[in-house]
2 protein chains.
Amino acid sequence: MKRNTWQREAVRTALSENENFVSAQALHGALKQSGSSIGLATVYRALADLADEGEADSLQQEGEALYRACTPGSHHHHLICRNCGLTVEIEATAVEDWARQVAAQHGFTRAEHVVDVFGLCEACSRLQADPSSS
Amino acid sequence: MKRNTWQREAVRTALSENENFVSAQALHGALKQSGSSIGLATVYRALADLADEGEADSLQQEGEALYRACTPGSHHHHLICRNCGLTVEIEATAVEDWARQVAAQHGFTRAEHVVDVFGLCEACSRLQADPSSS
DNA sequence: AATCGTTTTGACAATCATTCTCGATAACGT
DNA sequence: ACGTTATCGAGAATGATTGTCAAAACGATT
């Protein structure tokens, strides 16, 4: 049976306080900073669980897993700033259909897909164009 | 200046002999099997170079990087069998456009995207439906 | 073909994220 | 409150990838 522990709740809370994708390590660091005594392994476990249960989205960047609280129950993708990490949830009905269709065309079943868009957000685009204003 | 060594050539060749995505470790193992004395670090370096130069595609799966020779100069995505690794290159013009458009809508510039579709290929679908025939 | 400056290699150590281990702890049903 | 048993925490273990550095290989030039 699954139990409710303050640790899991702490991770859930810490996650939803972050607008953007965070690594398990970073989240653990933040929790420790704010006085929690939670263990690193526990953060990893809690994040994996949350991702399984659909309460968090995850993606791989530079060899590490990043997590983010997500609006549960809705399938969506992300538009992520490569520089500052700003993340926007995006709907992609058209892409869902396309993926399913392409898979079917090639005889594939059980299609899932990974779709993420990276770029420079408006602010970071400006910074890059005019570095003096940083 | 970039030099041509038999090691790099060996990696390029080994890659193109594999229809599917392979890990650096696996590729190194295969090369050793066939009598090569190439070092593991060299395989990692060669693969990173090939990916940079657009001669190979790469993706992350279960915490490890997988590589695959790709038709150079063409932007494409992949349809990958979750079970046997069979890979099909797919065109995704519609998705390209969608990605660019979504990024622009949110003020993002320099949009890039990660789009991969995973599923079970025809053969593996059958196996799963009727495991007795394996 | 021999030489020289530079790049690349390979063996192994180092790193780093993540997972495992296991005794201790705490949740939940009774 | 009690006993089960899932979960925790600390640190060890794992496993992929990268760094180090002396030795070897490359390629342009004699």
Side-chain angles (χ1 to χ4, degrees), chain A residues 1-15 18 20-53 55-69 80 82 85 114 116, chain B residues 1-15 18 20-53 55-69 80 82 85 114 116:
Chain A
M1 168 220 318
K2 166 146 327 174
R3 294 177 180 174
N4 278 337
T5 63
W6 64 264
Q7 287 95 334
R8 253 194 252 280
E9 200 50 48
V11 169
R12 211 194 311 268
T13 305
L15 242 203
N18 263 288
N20 302 337
F21 279 89
V22 235
S23 70
Q25 308 263 0
L27 206 61
H28 177 243
L31 283 163
K32 282 296 190 105
Q33 280 303 297
S34 52
S36 172
S37 66
I38 194 171
L40 177 56
T42 304
V43 175
Y44 273 100
R45 287 187 280 240
L47 285 175
D49 284 354
L50 289 176
D52 275 354
E53 297 159 13
E55 293 195 56
D57 288 323
S58 71
L59 62 83
Q60 304 265 103
Q61 199 175 42
E62 292 164 28
E64 72 179 346
L66 301 183
Y67 296 87
R68 177 174 188 275
I80 303 146
R82 201 183 297 129
V114 176
D116 290 301
Chain B
M1 170 217 316
K2 163 138 348 169
R3 292 179 180 175
N4 281 336
T5 64
W6 64 265
Q7 285 95 333
R8 251 194 253 280
E9 200 49 47
V11 169
R12 211 194 311 267
T13 304
L15 242 203
N18 262 288
N20 302 337
F21 280 89
V22 236
S23 71
Q25 309 263 359
L27 205 62
H28 177 243
L31 283 163
K32 282 296 189 104
Q33 279 305 295
S34 51
S36 172
S37 66
I38 194 171
L40 177 57
T42 304
V43 174
Y44 273 101
R45 287 186 282 241
L47 285 175
D49 285 353
L50 289 176
D52 276 353
E53 297 158 13
E55 292 193 57
D57 288 324
S58 70
L59 63 82
Q60 305 261 88
Q61 200 176 40
E62 292 164 26
E64 70 178 349
L66 302 183
Y67 297 86
R68 177 175 187 273
I80 304 145
R82 201 183 298 130
V114 176
D116 289 301

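Quick note on labels: first sequence line is chain A, next is B, and so on, each numbered from 1.
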Original post:
Atom CD in B:Glu55, atom CG in B:Leu47: separation rounded to 0.5 Å?
Top reply: 11.5 Å
Original post:
Would B:Glu53 and B:Lys2 pass as an ion pair if we require N to O under 4.0 Å?
Top reply: yes
Original post:
Are the side chains of B:Leu59 and B:Phe21 in touch, meaning some heavy atoms are under 4.5 Å apart?
Top reply: yes
Original post:
Mind checking whether A:Val22 and A:Asn20 have side chains closer than 4.5 Å, heavy atoms only?
Top reply: no
**OP:** Determine, for nucleotides 25-30 of chain C in 5'-to-3' order, which nucleotides have protein heavy atoms under 4.0 Å from the base (write B), from only the sugar-phosphate (write S), or from neither (write -).
**Re:** -BBS--
Original post:
From A:Leu27 CG over to A:Asn18 CG, what is the distance, rounded to the nearest 0.5 angstrom?
Top reply: 6.5 Å
**OP:** Report the distance from atom CD of A:Gln60 to atom P of D:dA16, rounded to the nearest whole Å.
**Re:** 14 Å
**OP:** Starting at atom NE2 of B:His28, determine the distance to atom C1' of D:dT17, rounded to an integer number of angstrom.
**Re:** 13 Å
Original post:
Quick one: is D:dT18 close enough that its OP1 or OP2 comes under 4.0 Å of any side-chain N or O from B:Tyr44?
Top reply: no
Original post:
Rounded to the nearest 0.5 Å, how far apart are NZ of B:Lys32 and CD1 of B:Ile38?
Top reply: 9.0 Å
Subject >> Atom-pair distance (CD on B:Glu9; C1' on D:dC26), nearest Å >> reply: 15 Å
**OP:** Write down the distance between CD (B:Glu64) and P (C:dT19), rounded to a whole number of angstrom.
**Re:** 13 Å
**OP:** Would you mind classifying the nucleic acid contact of B:Ser37 as base, sugar-phosphate or nothing, using non-hydrogen atoms under 4.0 angstrom?
**Re:** sugar-phosphate
Original post:
Angle, rounded to 10°, between the helical axes spanning five pairs at each terminus of the helix from C:dA1-D:dT30 to C:dT30-D:dA1?
Top reply: 40°
**OP:** Kindly point out which of C:dT18, D:dT17, C:dG10 is positioned nearest to the side chain of B:Ala41?
**Re:** C:dG10
Original post:
Just wondering, do B:Val11 and B:Leu31 contact through their side chains at under 4.5 Å, heavy atoms?
Top reply: yes
Subject >> Whole-Å gap separating C1' (D:dA12) and CG (A:Leu40) >> reply: 13 Å
Original post:
Atom CG of A:Leu47 and atom P of C:dT18: how far apart are they, to the nearest Å?
Top reply: 9 Å
Subject >> Check: A:His28 side chain, A:Thr42 main-chain N or O, donor-acceptor pair, under 3.5 Å >> reply: no
**OP:** Kindly write out the residues that satisfy side-chain hydrogen bond (donor to acceptor under 3.5 Å, both in side chains) with B:Glu64, not counting sequence neighbours, or none if the list is empty.
**Re:** none
Subject >> Whole angstrom value for the distance that separates C1' of D:dT7 from CZ of A:Arg8 >> reply: 7 Å
**OP:** Please report, rounded to the nearest Å, how far the P atom of C:dC12 is from the CD1 atom of B:Ile38.
**Re:** 17 Å
Original post:
With distance as the sole criterion, do the side chain of B:Arg45 and the base of D:dG19 form a donor-acceptor contact below 3.5 Å?
Top reply: no
